Amino acid sequence: MAKKFHNFINGKWVGAESGETFENRNPAHWEEVIGIFPKSDRKDVEKATEAAVQHREEWANLPVPERGKILGKVGDIMVQRKEEIAKLMTREMGKILKETRGDTQEGIDTAYYAFGEARRLFGVTSPCELPNKTAYTITRPVGTAGIITPWNFPMAIPCWKIFPALLMGNTIVFKSASDTPATTVKLVEILTEGGVPRGVVNLVHGPGSTVGEAILEQPEIGVISFTGSAAVGRRVAEVAGKNLKRVSLELGGKNPQIVMPDANIENAIEGLLWGAFGTTGQRCTATSRLLLHKDIYNEFLDIFVKRTKELKIGDGLVESTDVGPVINEPQLKKILNYVDVGRQEGAKLFFGGKKITGGKYDKGFFMEPTIFTEVESGMRIEQEEIFGPVLSVIKISSFEEGIQIANDVDYGLSSSIYTSNIEWAMKAIDKLEAGLVYVNAPTIGAECHLPFGGYKNTGNGHREGGKWPYEVFGEIKTVYIDYSEKLQKAQIDTNITK
Ligand code: UN1
């Protein structure tokens, strides 16, 4: 019998009100059920919100450094359980152990960042335009935050959102991705063990169409933080916007790696293998376009294909595996459909393109790392986020052409250039329309203390990471204190222009 998991509402592990459930399976061994989870709906979200509202004051009244200490403890527990979390995450969503350890580490780093930030939530003190008057700012919690997260970084991304929201004094209604609910349960257990009081973090499992929508519509939820596809992000913005909620969106990418003729080729190939096929291409920061200069085109591709062939595809729990399965069957079908689209558009399927079958591969959803060459700017495989191990190679004749093609997409999350020319590097930093620019490094590998997010359809202007999300989860109050003992009128009683 598979283990039964629950929602976490008002400090209690409970099933869905409806009694409905769904299964969570291992994408490398589909017959393995990780657990049975509550298929919740609006009623469960309402209960969770009620608890979150009820416990707001108590949490907000705790001094910020006290909340910080709890998050520091959460980080310590995550350190102790890192291996256990990583193994569960690999079983649940497929990426290799090295990466699930990294995902967990990103959560740990974010916890310790929050611990430090607790003593650094400074406001502004300002002179006033009138005598005997002063002003400063304080930040108060928004109230309750709705957190909706994806399956590809089931620990790091919830931590990016939940830790800042908690440190700022908000209570939480949290919906995890239906493909990774077990990792989420682990996180909520750790938060509780670290000392987050009852009712402060409430977890509701279930589909976006019911649980997600209900979160967006709760009048008591003041801020939503969402990471996922641009299509769902649009829906989130629409519903939350109608209800005048603050929304922070982190959506897709179509990230280019430009390789110029003077680049260190070996380094650029290593970076590309990691950027394009790491996490089986299922990162919003994955490298999905190689903009390769014509002077090194054949030489580069020869080595790159050789190296791609050497990648070991398989169960992520086996330490020697380089690339795990894709998350589930519908996603595999979607990726394979893009392979057909690429062919029909006239791109050349240079390597891979197929589901891997036979023996152990029949048990899961494995796909060959795939390389398309002769890709033209504007083709669908060059424009749309595939979220799988599919790389489009576009030949460029100049630096300017590289930048132009790099920018000619609807997304702008990450970007990379390999060159040893300082002018090209500096110009790329200026001109690439992306929230992240890497020089001589792949498009993946953002660190938790620095801003993360992007241009255009990648989001709505917010950044995660570092101090930036703290602004999302706080209400700034500007305080004016007049000690002149009389009425002073701003803009009117000043004598500057008299
Ligand atoms: C994501 O793909 O959704 O920079 C997040 C990176 C990771 C985070 C990726 N640190 O690739």
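Values in this document were obtained by computation on a predicted structure and should not be read as measured data. Both counts, for ligands and for their atoms, begin at 1 and track the order of listing.
In this model, no donor atom of one side chain and acceptor atom of the other lie less than 3.5 Å apart for Asn267 and Asn440. No side-chain donor from either of Asp410 and Gln383 sits under 3.5 Å from a side-chain acceptor of the other. Remark: the Ser40 side chain and the Asn7 side chain contain an N/O donor-acceptor pair separated by less than 3.5 Å.
The residues lining ligand 1, counting any heavy atom closer than 4.0 Å, are Glu106, Asn152, Phe153, Ile157, Trp160, Arg283, Cys284, Thr285, Ile444, Gly445, Ala446, Phe452.
Residue pairs meeting the side chain to side chain donor-acceptor pair (under 3.5 Å) criterion with at least one partner in residues 304-313, sequence neighbours excluded, are Glu266-Arg307, Glu270-Arg307.
With sequence neighbours left out, the side chain to side chain contact (heavy atoms under 4.5 Å, CB included) criterion links Pro256 to Arg289, Leu291, Ala406, Ser415. Listed by chain and residue number, nothing satisfies the side chain to side chain donor-acceptor pair (under 3.5 Å) test with Gln282 (two or more places apart in sequence, or in another chain).
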